[in-house]
A.B. asks: 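Sharing a structure with you now.
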Amino acid sequence: MAAVQFSSTSPVSEPPVIRDVLVSALTDALVAVGVEPPPSGIDIERPANRDHGDWSSNVALARAKAAGRNPRELAGELVAHLAGADVPHVAGVEIAGPGFVNFRLYDTWLYDVLRQVEADGVDGYARLEIAGGQRVLVEFVSANPTGPLHAGHARGAVYGDSLARVLERCGHEVGREYLLNDRGMQMQHFADSIAAAAAGEPTPESGYQGAYIDEWATELPPDVDSLEWAYARCRTEIEATLERLDIHFEYWHSERDMVASGAIEATLADLRAAGVVDDADDAVWLRATDFGDDKDRVLVKSDGEPTYLLPDIAYHRDKFARGWDLLINVWGADHHGYVPRMKAAIQALGHDPDDLEIQVTQLVRLERGGTEVKIGKRSGEFIELAEIIDEVGADATRFTYLLQSIDSQQTIDLAVIASQTMDNPVFYVQMAHARARSIQRKAAETGFASPDAATVDLSPLGHRRELEVLRALSELPDLLGVACRERAPHKVATWVRQLAAAFHGFHHDCYVIGDGIPPELTAARLALVDAARIGLAIGLGLLGVSAPEEMR
RNA sequence: GCCCUCGUAGCUCAGCUGGACAGAGCACCGGACUUCUAAUCCGAUGGUCGCAGGUUCGAAUCCUGCCGAGGGCGCCA
């Protein structure tokens with residue numbers, strides 16, 4: 001039975017997080033040399049270059065001015081003090097460059113990481129509580145129910161869902177919401193177009209075209225309300241497509257319901273009461289310029305009809321009224337111009353503009369084998385999202401869209417991601433997970449029990465490949481926190497590729513079972529394989545990509 | 001004209017909210033399969049981080065101005 005060096009006061013083994021250990025040691029050292037620790041906290045980071053140690057701090061650089069000493073001198077004093085302190089896992093401390101303090105650690109710190117991963121598992125490892133339960137409503141997709149989801153909706157759909165997953169894991173209470181614009185002229189045009197097609201008549205003025213109109217028209221039963229039928233047909237289509245991507249909305253918010261409830265009139269009344277509304281030129285205006293918008297905006301047109309803006313304001317008012325602390329809207333780049341007026345509107349209603357966050361996804365250019373796939377808007381020539389899923393699969397669809405920051409315009413070649421080759425990173429990562437499973441199956445067949453990570457001797461682990469896997473695992477909690485704060489799930493995609501690369505390297509160089517491998521090494525490596533499996537499953541789970549038992 | 005996003009290797013993109021000599025994948029070149037799937041691994045080649053200033057001990061990262069790409073600027077939704 002190996003010694004367990006964790007606190008005995010807690011029934012759950014909770015290895016000290018290395019960051020806390022080092023920060024605490026640095027704090028002590030600063031105090032010892034008579035320098036006030038930085039009010040913002042001490043910064044610890046992993047140097048990009050391994051020659052600079054395992055962990056590094058720039059605290060001497062940051063505090064040199066306040067301490068009235070030059071950075072290297074201060075760093076030297078810190079190092080001298082740290083050398084005398086008995087800091088767990090620390091093998092050496094050095095000054096480097098302009099005044100960095102670099103820590104060189106024993107591999108034991110990575111053994112703690114492995115134990116932590118195993119103790120916490122897929123559900124618990126890198127589950128953060130940095131959000132304090134803040135209630136966030138993520139609204140995304142919200143495509144008009146006048147046709148199937150198309151390629152243009154894909155990025156927002158996948159991003160919104162993965163963002164929600166990241167937020168949840170970081171301690172937010174999260175709701176996913178889809179706003180259904182189920183009233184208005186667009187719905188009528190849509191229904192008329194289907195009815196016309198069913199009757200063999202030409203597409204009406206400002207109607208919809210496209211293969212789906214003709215197809216759905218053939219399904220239109222006689223003697224039904226064409227609008228209601230078309231709406232239901234479309235919703236079924238949209239939900240089915242989202243279902244294939246494993247996207248599930250907790251809330252489908254109907255604009256009709258909102259109208260019926262009188263929320264729109266109530267919103268206008270609120271705005272009037274707030275004194276931010278002007279009547280001019282027979283129209284009703286929101287004085288948006290009072291809140292940083294470029295111009296004032298019409299709420300009710302001179303013909304007495306509300307603009308789209310008023311119900312939209314009512315909708316956001318409703319979201320807050322339902323108790324959400326923070327609203328995140330995922331919008332396409334073609335709507336970014338509406339950000340200032342929406343923020344102005346919620347301010348006019350008395351909310352903090354920061355309580356509405358709008359994430360804008362840049363456009364995606366689609367190619368097939370290097371040639372752009374052209375889409376014509378009105379003509380109905382577009383690629384349905386369902387077609388993309390048919391072509392490349394749900395996992396590749398999600399992974400590919402999540403590979404890049406939403407801020408960058410993305411180019412996706414469908415031919416490339418449809419190919420199940422090395423060009424396609426999703427298979428690379430899934431393969432890593434399947435490999436881990438494969439090794440575990442072999443272990444079971446060979447009669448190796450899965451080791452208890454809390455007690456197994458990990459000291460046989462020391463191979464460069466083994467340590468790379470553990471290092472990657474150690475980075476996940478920090479990385480997830482950044483991904484959450486920056487609303488950047490693509491960082492998870494980048495990370496999981498790194499972990500997969502480390503694991504493939506390990507797999508290649510470190511045989512686990514048989515072939516003259518000593519049983520102690522097999523046991524330690526099996527623990528590592530399971531930890532890697534957990535990390536891969538967490539990463540893939542956040543991306544909404546399946547973690548397969550085997551590749552076929 | 002104004003606003004938003006972007007401009008990093010031949011291509012597609014990272015770069016952890018300023019840090020130590022700029023990274024990955026693909027492509028190209030050269031290696032590794034009696035092994036838990038070679039759908040893998042290793043090595044080599046490849047970049048004035050659009051340009052010019054500024055802030056800083058330190059800038060791909062922050063600020064300003066240009067240049068270029070995409071998107072947006074309705075009493076349309």
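Reminder, nothing fancy here: chain letters follow the sequence lines and each chain counts from 1. Note that the structure is predicted; figures quoted are calculated from it, not measured.
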A.B. asks: Identify whether any heavy atom of A:Leu479 sits under 4.0 Å from a base atom; if not, whether one sits that close to sugar-phosphate; answer base, sugar-phosphate or nothing.
C.D. replies: nothing
A.B. asks: Determine, answering yes or no, if A:Phe100 is stacked on B:A20 under the 5.5 Å centre rule and the 30° plane rule.
C.D. replies: yes
A.B. asks: In whole angstroms, how far is the C1' atom of B:C41 from the CZ atom of A:Arg464?
C.D. replies: 10 Å
A.B. asks: Return yes if the base of B:G72 and the side-chain atoms of A:His336 contain a donor-acceptor N/O pair under 3.5 Å, otherwise no.
C.D. replies: no
A.B. asks: Should the pair A:Glu520-A:Arg525 be classified as a salt bridge under the 4.0 Å nitrogen-to-oxygen rule?
C.D. replies: no
A.B. asks: Determine the contact category for A:Trp495: base if any of its heavy atoms lies under 4.0 Å from a base atom, sugar-phosphate if only primed atoms, P, OP1 or OP2 are that close, otherwise nothing.
C.D. replies: nothing
A.B. asks: Quick one: label A:Gln410 by what it contacts on the DNA or RNA (base, sugar-phosphate, nothing), any heavy atom closer than 4.0 Å.
C.D. replies: sugar-phosphate
A.B. asks: Just how far, in rounded Å, is C1' of B:C13 from CD of A:Gln498?
C.D. replies: 14 Å
A.B. asks: Write down the distance between CZ (A:Arg497) and C1' (B:G15), rounded to a whole number of angstrom.
C.D. replies: 14 Å
A.B. asks: For the residue pair A:Ser254 and A:Arg183, confirm or rule out a side-chain donor-acceptor distance under 3.5 Å.
C.D. replies: no
A.B. asks: Using a strict threshold of under 4.0 Å (side-chain N to carboxylate O), is an ion pair present between A:Glu94 and A:Arg104?
C.D. replies: yes
A.B. asks: Can you find a donor-acceptor N/O pair under 3.5 angstrom joining the side chain of A:Tyr428 to the base of B:A24?
C.D. replies: no
A.B. asks: Establish, with yes or no, whether the OP1 or OP2 oxygen of B:C76 is under 4.0 angstrom from a side-chain nitrogen or oxygen of A:Lys301.
C.D. replies: yes
A.B. asks: Should A:His335 be counted as stacked on B:G72, where stacking needs a ring-centre gap under 5.5 Å and an angle between planes under 30 degrees?
C.D. replies: no
A.B. asks: Could a donor-acceptor pair under 3.5 angstrom be found where the side chain of A:Asp334 meets the base of B:G72?
C.D. replies: no
A.B. asks: Using the closest heavy atom to pick a nucleotide of RNA chain B for each, name whichever of A:Pro47 or A:Lys442 lands nearer the 5' end.
C.D. replies: A:Pro47
A.B. asks: In this structure, which one of A:Leu82, A:Val79, A:Ile18 forms a side chain to side chain contact (heavy atoms under 4.5 Å, CB included) with A:Phe103?
C.D. replies: A:Leu82
A.B. asks: Where the side chain of A:Gln404 is defined as all heavy atoms beyond and including C-beta, which of B:A14, B:U5, B:A38 is the nearest nucleotide?
C.D. replies: B:A14
A.B. asks: For B:G15 and A:His490 - does any side-chain N or O of the residue sit under 4.0 Å from the phosphate oxygens OP1/OP2?
C.D. replies: yes
A.B. asks: Below 4.0 angstrom from OP1 or OP2 of B:U12, is there any side-chain N or O of A:Tyr401?
C.D. replies: no
A.B. asks: Pick base, sugar-phosphate or nothing for A:Ala96, based on heavy-atom distances below 4.0 Å to the nucleic acid.
C.D. replies: base
A.B. asks: Ignoring hydrogens and angles, does a donor from either the side chain of A:Thr494 or the base of B:A24 sit under 3.5 Å from an acceptor on the other?
C.D. replies: no
A.B. asks: On RNA chain B, does the nearest nucleotide to A:Glu550 precede the nearest nucleotide to A:Pro340 from the 5' side, or the other way round? Give the residue.
C.D. replies: A:Pro340
A.B. asks: Contact class for A:Arg365 vs. all strands (heavy atom < 4.0 Å): base, sugar-phosphate, or nothing?
C.D. replies: nothing
A.B. asks: Can you find a side chain N or O atom of A:Lys491 that sits less than 4.0 Å from OP1 or OP2 on B:U17?
C.D. replies: no
A.B. asks: In this structure, how many angstroms lie between the C1' atom of B:C36 and the CZ atom of A:Arg437, rounded?
C.D. replies: 14 Å
A.B. asks: Does A:Ser302 contact B:C75 through a side-chain donor or acceptor facing the base, at a distance under 3.5 Å?
C.D. replies: yes
A.B. asks: Side chain of A:His508 only, please: which of B:U17, B:A32, B:C57 is the nearest?
C.D. replies: B:A32
A.B. asks: What I want to check is whether an N or O donor and acceptor connect the side chain of A:Tyr338 with the base of B:C3 at under 3.5 Å.
C.D. replies: no
A.B. asks: Write down the distance between CZ (A:Phe399) and C1' (B:C13), rounded to a whole number of angstrom.
C.D. replies: 13 Å
A.B. asks: Does a donor on one side chain and an acceptor on the other come within less than 3.5 Å for A:Gln186 and A:Gln188?
C.D. replies: no
A.B. asks: Round to the nearest Å and state the distance from A:Leu366 atom CG to B:U12 atom P.
C.D. replies: 14 Å
A.B. asks: Would you say A:Arg465 places a side-chain N or O within less than 4.0 Å of OP1 or OP2 belonging to B:C42?
C.D. replies: yes
A.B. asks: Looking only at the side chain of A:Asp281 (C-beta and beyond, no hydrogens), which of the listed nucleotides B:G19, B:A20, B:C75 gets closest?
C.D. replies: B:C75
A.B. asks: Send over the distance from A:Trp331 CH2 to B:U5 P, rounded to a whole Å.
C.D. replies: 15 Å
A.B. asks: Assess whether one donor atom and one acceptor atom, taken from the side chain of A:Asn102 and the base of B:A20, lie less than 3.5 Å apart.
C.D. replies: yes
A.B. asks: When you get a sec, tell me which of B:C73, B:C36, B:G19 is the closest nucleotide to the side chain of A:Asn58?
C.D. replies: B:G19
A.B. asks: Between the side chains of A:Glu468 and A:Arg465, is the shortest nitrogen-to-carboxylate-oxygen separation below 4.0 Å, so that they form an ion pair?
C.D. replies: no
A.B. asks: Please lay out, stage by stage, how A:Tyr428 and A:His504 fare under the test ring pair (Phe, Tyr, Trp, His ring centres under 6.0 Å).
C.D. replies: CA-CA 9 Å; A:Tyr428 181 88; A:His504 284 307; 4.5 Å; yes
A.B. asks: Hey, are A:Asp478 and A:Arg46 close enough for a salt bridge, meaning a charged N less than 4.0 Å from a carboxylate O?
C.D. replies: yes
A.B. asks: Applying a 3.5 Å limit to both distances, which nucleotide forms a Watson-Crick or G-U wobble pair with B:U61?
C.D. replies: none
A.B. asks: Are any of A:Thr411's side-chain N or O atoms less than 4.0 Å away from OP1 or OP2 of B:C13?
C.D. replies: yes
A.B. asks: Distance check needed: B:C76 P versus A:Arg297 CZ, whole Å only.
C.D. replies: 13 Å
